[in-house]
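Below is one structure, written out as structure tokens, with a few remarks after it.
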Amino acid sequence: MKRQKPSKETVRIGNASVRIYSRSRTIAGKRYVIYEVCDYVSSPGKRKLRSFNDHQAAIKEAQRLARLLSTGDATAAAMSGKEAASFGRCLEILRPVGVAPELACAIFAEATGIIGNATLLPAAARFYVERHPNTMPKVTLEEAAEEMIELRRKANASGPYLDDLKSRTGRFLRTFVGFHPASLTTADCQRYLNDIEGANSTRRVHRQVVWRLLSHCESHGYIPKGSNPMDGVKPPSAKRDAPIQVWTPQEMAKLLAAASPSFLPVLLLGGFAGLRTSEIMALHWQDVRLAERAVKIVHRKLRCAGSRLAPITDNLLAWLGPIAKKSGPVWASPGSWRERERSMTLEQNRCAEAAGLLPWRHNGLRHSFCSYRVALTQDVPRTALEAGNSAPTIFQHYRALATQAEGQEWFSILPATPAR
């Protein structure tokens, strides 16, 4: 007997369709109609026929399956009890953060693809919270620098120190305008330092100032603890950029003869007492103690470390006696620290030109003092103490630059006339 071909009907919802096949069978002389619904939901990719005796029941099931297919819930419909329980726990975990499951899965998959290991995601999130500018206090580098300088001012830092701090941080701030401190990297700081023209000593000072600014940011919570990007910057070489240059006694005599009245004390204190330029600029006449044969250099007035007493040698006393004042700055040029520094540089060059000794030798006066003093005294620790330097530095850089006779000649330079 030829088998009857089943009839079919289609239930559609949206773009989804489910077919229903109907077959008639005779059992014990009685005819029955069986309705079979094509189920592609329970086992995705495979067809399963679900049988019903009632046509309306078959229609209802087909509509349910079509609805699941049209809304993308087919996978959910195919879940086992264990999978459904797992999904329920996922919903409970996500409920406090208010993220839909499908979005959470998409974010998780993308993040895992980026980081390469799903177990590292919590650590990566904590790292982000600790270091990303969006999670840190809202402050710019400019605001942090102003705050740092104001705190220094309230702590009674000297005017010269504050001027120097403003100048050096200003250059850094102009390079990174509007930056949040936490957005700076070690590579940024290294490039900044590399771009500074000049001697290694200049770059070392800039590195120190920028480190101080970022350390302030660290202590105030603008960047995480232990994340100062300047810590990883390679310090410029501590080796001297060029051989030490000194003035000979004959050249010093020419400079003294060519010096203006305002610049003469600078020459004398630098060459015969070993004061640094910054120390001379911060010095007041009341600290030049002729009776005690010492120049008192006070730490609070300077940006260089250490207070000390520099010697007033016999020839220095002869020079200073007629021109010393009771009070007031030794370098009396008006203006800010930077303006006074520029005016001193101009006067140095003018004096060297008048003496026929251009160019001016950088730190030549102090280098001359250290070289001739250690040659004369043959006493490295004593010279280090007088110059405010370390004994190893004096021994390494100054000990063999002059003979004892040249040292004697240097400290025998006297004024040609009693007074000026």
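No experiment lies behind these values; they were computed from the predicted model shown.
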Are any non-hydrogen side-chain atoms of [X] and [Y] less than 4.5 angstrom apart?
X	Y	answer
D287	I297	no
V11	I20	yes
I413	L256	yes
L357	W247	yes
T345	N349	yes
W211	C189	no
L320	L269	yes
P181	V139	yes

Can you sort out the partners of [X] under ring pair (Phe, Tyr, Trp, His ring centres under 6.0 Å), two or more places apart, ordered by chain and number?
X	result
Y192	F172
H206	none
H55	Y35

Which value, rounded to the nearest 0.5 Å, describes the distance between [X] atom [atom1] and [Y] atom [atom2]?
X	Y	atom1	atom2	result
I107	T112	CD1	OG1	11.5 Å
I34	F52	CD1	CZ	11.5 Å
R23	E36	CZ	CD	5.0 Å
K154	I149	NZ	CD1	13.5 Å
E146	K166	CD	NZ	9.5 Å
R203	E197	CZ	CD	9.0 Å

Contact summary for [X] and [Y], nearest pair of heavy atoms:
X	Y	answer
A310	L275	CB-CD1, 3.8 Å
S343	W331	OG-NE1, 3.4 Å
A259	L267	CB-CD1, 3.5 Å
V246	E251	O-OE1, 4.1 Å
P311	A273	O-CB, 3.7 Å
E279	R308	OE2-NH1, 2.7 Å

Would you say [atom1] of [X] has more than 12 non-hydrogen atoms from neighbouring residues, nucleotides or ligands within 6.0 angstrom?
X	atom1	value
H362	NE2	no
N53	CG	no
Q250	CD	yes
F395	CZ	no

Working for side chain to side chain contact (heavy atoms under 4.5 Å, CB included), residues L165 and R212 = CA-CA 10 Å; L165 203 58; R212 193 173 297 136; 3.9 Å; yes
Could you check S7 against S22 for side-chain hydrogen bond (donor to acceptor under 3.5 Å, both in side chains), going step by step and ending with a plain yes or no?
-> CA-CA 5 Å; S7 61; S22 59; 2.3 Å; yes
Any cation-pi pair here, R373 with F411, using under 6.0 Å and within 45°?
->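 Verdict for F411: a cation-pi partner in R373.
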If only side-chain N and O atoms count, and only distance matters, is there a donor-acceptor pair under 3.5 Å linking [Y] with [X]?
X	Y	value
H216	E147	yes
N194	Q190	yes
S390	T393	yes

Full working for salt bridge (charged side-chain N to carboxylate O under 4.0 Å, His left out) between R342 and E347 = CA-CA 9 Å; R342 282 192 290 269; E347 190 59 32; over 6 Å; no
Is it true that a side-chain atom of [X] and a backbone atom of [Y] form a donor plus acceptor pair closer than 3.5 Å?
X	Y	answer
T383	D379	yes
H180	A182	yes
Q404	Q378	no
R207	M230	yes
E61	A58	no
T186	P229	yes
R289	A294	no
D188	T185	yes
R12	V18	no
S167	D163	no

Output, in order, the C-alpha distance, side-chain angles, deciding distance and verdict of side chain to side chain contact (heavy atoms under 4.5 Å, CB included) for L141 and L184.
-> CA-CA 10 Å; L141 279 169; L184 277 176; 3.7 Å; yes
Check the pair S260 / R350 against side chain to side chain contact (heavy atoms under 4.5 Å, CB included), numbers first and verdict last.
-> CA-CA 9 Å; S260 64; R350 190 210 64 78; 4.0 Å; yes
Do you know which of R50, R64, R19, R47 makes salt bridge (Lys or Arg N to Asp or Glu O under 4.0 Å) with D39?
->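 Of the listed residues R50, R64, R19, R47, the salt bridge (Lys or Arg N to Asp or Glu O under 4.0 Å) partner of D39 is R50.
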May I ask you to decide whether R191 forms a salt bridge with D195, counting only side-chain N to carboxylate O separations under 4.0 Å?
-> no
Take F272 and F369, measure what side chain to side chain contact (heavy atoms under 4.5 Å, CB included) needs, and give me the verdict at the end.
-> CA-CA 6 Å; F272 299 138; F369 171 83; 5.5 Å; no
Would E92 and R95 count as a salt bridge (charged side-chain N to carboxylate O under 4.0 Å, His left out) if you check the C-alpha gap in whole Å, the side-chain angles of each, and the deciding distance to 0.1 Å?
-> CA-CA 5 Å; E92 289 299 318; R95 186 169 287 113; 2.4 Å; yes
Report the relative orientation of the aromatic rings in Y372 and W410; use parallel for angles under 30°, tilted for 30 to 60°, perpendicular for over 60°.
->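 Y372 and W410: parallel rings.
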Would you please test R174 and E142 for salt bridge (charged side-chain N to carboxylate O under 4.0 Å, His left out) and show each step?
-> CA-CA 9 Å; R174 288 191 295 273; E142 292 91 334; over 6 Å; no
Starting from the C-alpha separation in whole Å, work towards a yes-or-no answer on salt bridge (charged side-chain N to carboxylate O under 4.0 Å, His left out) for E150 and R153.
-> CA-CA 5 Å; E150 178 61 18; R153 186 190 65 78; 2.4 Å; yes
